[in-house]
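Along the sequence shown, residues are numbered consecutively beginning with 1.
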Amino acid sequence: MGDSRTGSKSGWAVLPLLVFVVIVFGVPMLVLLGGTFTREGTPSAANLTESLQGAYLTSLIGSVEISALVAVLGGVLGTFLAQAVVTSRFRALREGVLTASGVLANFGGVPLAFAWIATLGNSGVVTTTLGLGDHGWSLYNFWGLTLVYLYFSIPLMVLTVVPALDGLRPQWREAAQNNGASTWQFWRYVGIPVLTPALLGGVVLLFGGAFAAYATAQAMVGSSVPLVTLKIADALTGNVLIGHENVALALSLDMIAVAGLVMAVYLPLRRRSARWLR
């Protein structure tokens, strides 16, 4: 009798969360699906078809490419930086890097774009001082935007990986050394398997952050770099074709599908890495 009452109370306790999920996620999803499959008041798949053609498809591919590049580079560089911080003997350095990472990971949007334009833009301080423009340097392209995205992605990776690196017990390294294992063998058979879930999670997090970024790209490169978030904004404001606002909803659905595909790849890898730790 007591167990049933406890279960009933637990069910009621979850109700507010379920209501919140339905309102915040369920209702927008219904609106998104309804708009995607409606053209001029009639059911149609024309919006979805159009979103996968021409400039829209190019922008979707461009977003995936830059997000994947930022995720890989940010994951590698952030992991090495986190390892350097964790192994440092200077506590002040560790605290300073982690504090700076917390600030930089949340520094984005128009202020970030302005900071980089003032520094490495065509008339930026560093560009004019070093004469980078004479050597073909440009911040307003794919590689320039990648560099800017790495500015907040690397600190985010540091914050993600540092707790996992702290979890590597010194006894494991000592045991490996006592058994004749080299540094590479320790990382190959102990360190990397233990860190894999955190590393994968960090890479997916970086991919999602770059994939959904809008304000920084809009302020810095405009339409010179094809990105799906910029195309969504253009479709919503009617900058391309009036009456094609629902194409923006279809592009949003495409983004959800890409994110779902990334998670579909990530979750099996995470489960596999979790088996290594058993």
Note: Asp254-Lys231 ion pair, threshold 4.0 Å (strictly below): no
Within one Ile-Leu-Val-Met-Phe-Trp-Tyr cluster: Leu57 and Leu261, side-chain cutoff 4.5 Å: no
Value for CG (Leu230) from OG (Ser63), rounded to nearest 0.5 Å, stands at 7.5 Å
Short question: side chain of Thr127, backbone of Gly121 - any donor-acceptor pair under 3.5 Å? yes
Does atom OH of Tyr140 have more than 12 heavy-atom neighbours from other groups under 6.0 Å away? yes
Say whether, by atom type as modelled, one donor and one acceptor occur between the side chain of Asn246 and the main chain of Leu249 under 3.5 angstrom. no
Test item: Trp137 and Leu120 side chains (from C-beta on) under 4.5 Å apart, heavy atoms: yes
Rounded to the nearest 0.5 Å, the CG atom of Leu48 sits from the OG1 atom of Thr36 at a distance of 7.0 Å
About how many Å separate CE of Met220 and CD1 of Ile117, when rounded to the nearest 0.5 Å? 7.0 Å
Heavy-atom check, side chain of Thr229 versus side chain of Gln218, under 4.5 Å: no
Measure up the Phe207 and Phe211 rings against each other and bin them: parallel (under 30°), tilted (30 to 60°), perpendicular (over 60°). parallel
So do Val148 and Leu139 actually touch side chain to side chain, heavy atoms under 4.5 Å? yes
Taking C-beta and beyond as the side chain, do Asn47 and Val247 meet within less than 4.5 Å on heavy atoms? yes
